[in-house]
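Please read through the structure below; I'll follow up with questions.
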Amino acid sequence: MTLPMPTQTLPPTRTWSAVLFDLDGTIIDSASDITTSLAHMFSTLGLPVPPEDELLAFVGPPLLDSLRMTSDFTEEEAWRALEIYRAHYEPRAMRSPVFPGVAGVLERIHAAGVPLALATSKPESMARAVLEHADLTRYFTVIAGASDDEEISTKAEIVGLALRELRERGADVSDPVMVGDRAYDTLGAAAHGVPTILVEWGYGSPAEAADTYAVVHSTDQLRTLLLG
């Protein structure tokens with residue numbers, strides 16, 4: 001994360017019926033590729049490029065909503081900006097590396113027979129391409145993301161979609177957990193009564209650790225909390 005999280009004692013391990021993972025900042029280190037495309041977007045529109053820390057704040061929540069709320073764009077301007085961003089970012093998306101150790105955690109969860117779902121604010125089509133490129137698709141029972149038309153975009157909507165699709169595939173969703181790196185993950189999961197484990201290697205801040213089940217600083221800690 002941008003700042004070290006406060007030291008905390010990890011809760012006892014427990015058996016989870018399903019695990020949901022965020023993508024950006026949790027599985028892949030995509031911040032620099034995203035902020036580069038955001039800078040291109042602002043520049044193309046003839047607007048001042050915000051400083052890096054402000055660009056980083058766009059990583060996580062639905063981009064269209066962020067453009068509407070923080071950049072004073074009209075609806076038409078926000079969609080135009082989104083189109084510019086996506087056109088620049090899409091070929092860069094495959095460059096983002098998987099955080100060290102994360103693929104191993106996914107493999108262990110899958111091997112243990114625990115259903116895995118992706119729940120990302122990235123467009124689902126792009127998320128699928130990223131996972132396929134990283135050879136991670138095989139570990140996931142469900143891949144849920146934002147719709148291209150942004151009709152489904154909030155984290156709560158996407159978590160709900162992931163849970164519903166898991167249920168439709170016969171997975172036990174009686175005791176799921178979310179793994180993410182931002183408060184948006186925590187809030188979106190909480191809307192469905194799902195606790196969140198926040199990873200310290202992502203893009204959040206210490207303030208975003210509030211109301212989480214736990215904060216982990218390593219993939220070893222994450223694996224222990226998920227599998228015991």
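Keep in mind that this is a model prediction, so the values were computed, not measured. Just the heavy atoms: all of them, side chains too, but no hydrogens, waters or symmetry mates, feed the values below.
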Chi angles and distances behind the side-chain contact (heavy atoms from CB on, under 4.5 Å) call for Trp201, Val102: CA-CA 11 Å; Trp201 56 80; Val102 171; 4.1 Å; yes
Nearest-0.5 Å distance that lies between atom CD in Glu208 and atom CG in Leu198: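 Interatomic distance, Glu208 CD to Leu198 CG, rounded to 0.5 Å: 7.0 Å.
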Side chain Ser43, main chain Ala39, donor-acceptor under 3.5 Å: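 Answer holds: no.
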Side-chain donor/acceptor of Thr212 to backbone N/O of Val215, under 3.5 Å: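 Such a contact is absent between Thr212 side chain and Val215 backbone.
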Close side-chain approach of Trp79 and Thr74, heavy atoms under 4.5 Å: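 SC-SC contact between Trp79 and Thr74 ruled out.
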Electrostatic pair Asp175-Arg14, nearest N-O below 4.0 angstrom: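 A salt bridge links Asp175 with Arg14.
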Rounded distance (nearest 0.5 Å) linking atom CE of Met41 with atom CZ of Arg80: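 Result: 11.0 Å between the selected atoms.
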Nearest-0.5 Å distance that lies between atom CG in Leu64 and atom CD in Glu75: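 So the CG of Leu64 and the CD of Glu75 are separated by 6.0 Å.
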N/O donor-acceptor pair under 3.5 Å between Ser147 side chain and Glu151 backbone: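 Present.
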ring-ring contact (aromatic ring centres under 6.0 Å, His included) involving Tyr139 - partner list, sequence neighbours excluded: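 Expected list: His110.
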Salt-bridge contact Lys155-Asp22 (side-chain N to carboxylate O under 4.0 Å):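 Salt bridge: yes.
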Arg86 atom CZ: more than 12 heavy-atom contacts under 6.0 Å: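 For Arg86, atom CZ is crowded (more than 12 foreign heavy atoms under 6.0 Å).
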Same cluster (ILVMFWY, side-chain, under 4.5 Å), Leu226 and Leu136: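 Cluster IDs for Leu226 and Leu136 match.
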Any donor-acceptor N/O pair, Arg182 side chain to Gly202 backbone, under 3.5 Å: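 Looks like no, no N/O pair under 3.5 Å.
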Glu90 atom CD, neighbour heavy-atom count above 12 within 6.0 Å: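 Atom CD in Glu90 is not crowded, with 12 or fewer foreign heavy atoms closer than 6.0 Å.
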Student check: side-chain heavy atoms of Leu82 and Glu150 closer than 4.5 Å: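 In short, these two side chains touch, coming nearer than 4.5 Å.
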Separation of Leu10 CG from Tyr213 OH (nearest 0.5 Å):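 Those atoms lie 9.5 Å apart.
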Hydrophobic cluster membership, Tyr184 vs Tyr203, 4.5 Å side-chain cutoff: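 Different clusters.
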Cluster overlap Ile152 with Leu63, hydrophobic side-chain contacts below 4.5 Å: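 Each belongs to a different hydrophobic cluster.
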Other residues, nucleotides, ligands: >12 heavy atoms within 6.0 Å of Glu168 CD: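 More than 12 within 6.0 Å, yes.
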Non-hydrogen side-chain atoms of Phe21 and Leu106 separated by less than 4.5 Å: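 Yes, side chains in contact.
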Heavy-atom side-chain contact between Pro195 and Trp16 under 4.5 Å: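 In short, these two side chains touch, coming nearer than 4.5 Å.
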Transitive ILVMFWY side-chain link Phe140 to Val98, under 4.5 Å: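 Phe140 clusters together with Val98.
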Would you give me the side-chain donor-acceptor pairs under 3.5 Å for residues 124-133, sequence neighbours excluded?
| residue | atom | partner | partner atom | Å |
| --- | --- | --- | --- | --- |
| Glu124 | OE1 | Gly145 | N | 3.4 |
| Glu124 | OE2 | Arg128 | NE | 3.3 |
| Glu124 | OE2 | Arg128 | NH2 | 3.3 |
| Ser125 | OG | Asp148 | OD1 | 3.4 |
| Glu132 | OE1 | Thr137 | OG1 | 3.0 |
| His133 | NE2 | Met94 | O | 3.3 |

Hydrophobic cluster of Leu166, others only, ordered by chain and residue number, side-chain cut-off 4.5 Å: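 Noted: Leu166 shares its cluster with Leu20, Val142, Val159, Leu163, Val173, Met178, Val194.
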Intermediate values then yes/no, side-chain hydrogen bond (donor to acceptor under 3.5 Å, both in side chains), Asp33 and Ser96: CA-CA 7 Å; Asp33 293 313; Ser96 301; 2.8 Å; yes
Distance (rounded to the nearest 0.5 Å) between Phe58 CZ and Leu67 CG: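 Answer for the CZ-CG pair, Phe58 versus Leu67, is 5.5 Å.
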Carboxylate-amine/guanidinium proximity below 4.0 Å for Asp65 and Arg68: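 Counted as a salt bridge, because a side-chain N and a carboxylate O are separated by less than 4.0 Å.
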Residue of the set Asp211, Val179, Thr186, Val177 for which side chain to side chain contact (heavy atoms under 4.5 Å, CB included) holds with Thr196: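 Answer after filtering Asp211, Val179, Thr186, Val177: Thr186.
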Residue pair Tyr89 / Ser30: nearest heavy atoms and the distance that separates them: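 Distance-wise, the nearest heavy atoms are OH-CB, 4.0 Å.
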Distance-only polar pair, side chains of Ser174 and Asp172, donor-acceptor under 3.5 Å: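 Yes.
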Closest non-hydrogen atom pair between Pro62 and Ser153, with its separation: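 For Pro62 versus Ser153, the nearest heavy atoms are CG-O, 3.0 Å.
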Test item: Lys122 and Ile34 side chains (from C-beta on) under 4.5 Å apart, heavy atoms: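 In short, these two side chains touch, coming nearer than 4.5 Å.
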Single-linkage hydrophobic cluster, 4.5 Å side-chain cutoff, Leu23 and Leu161 together: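 Each belongs to a different hydrophobic cluster.
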Non-hydrogen side-chain atoms of Val19 and Pro115 separated by less than 4.5 Å: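 They are not in contact (no side-chain heavy atoms under 4.5 Å apart), so the answer is no.
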Point-to-point distance, once rounded to the nearest 0.5 Å, from CD1 of Ile27 to CG of Asp181: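 If I round to the nearest 0.5 Å, the distance is 10.5 Å.
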Beyond-backbone contact of Glu200 with Val216, side-chain heavy atoms, under 4.5 angstrom: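 Answer no - side chains too far apart.
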Distance-only side-chain donor-acceptor flag, Thr154 / Glu157, under 3.5 Å: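 A donor-acceptor contact under 3.5 Å links the two side chains.
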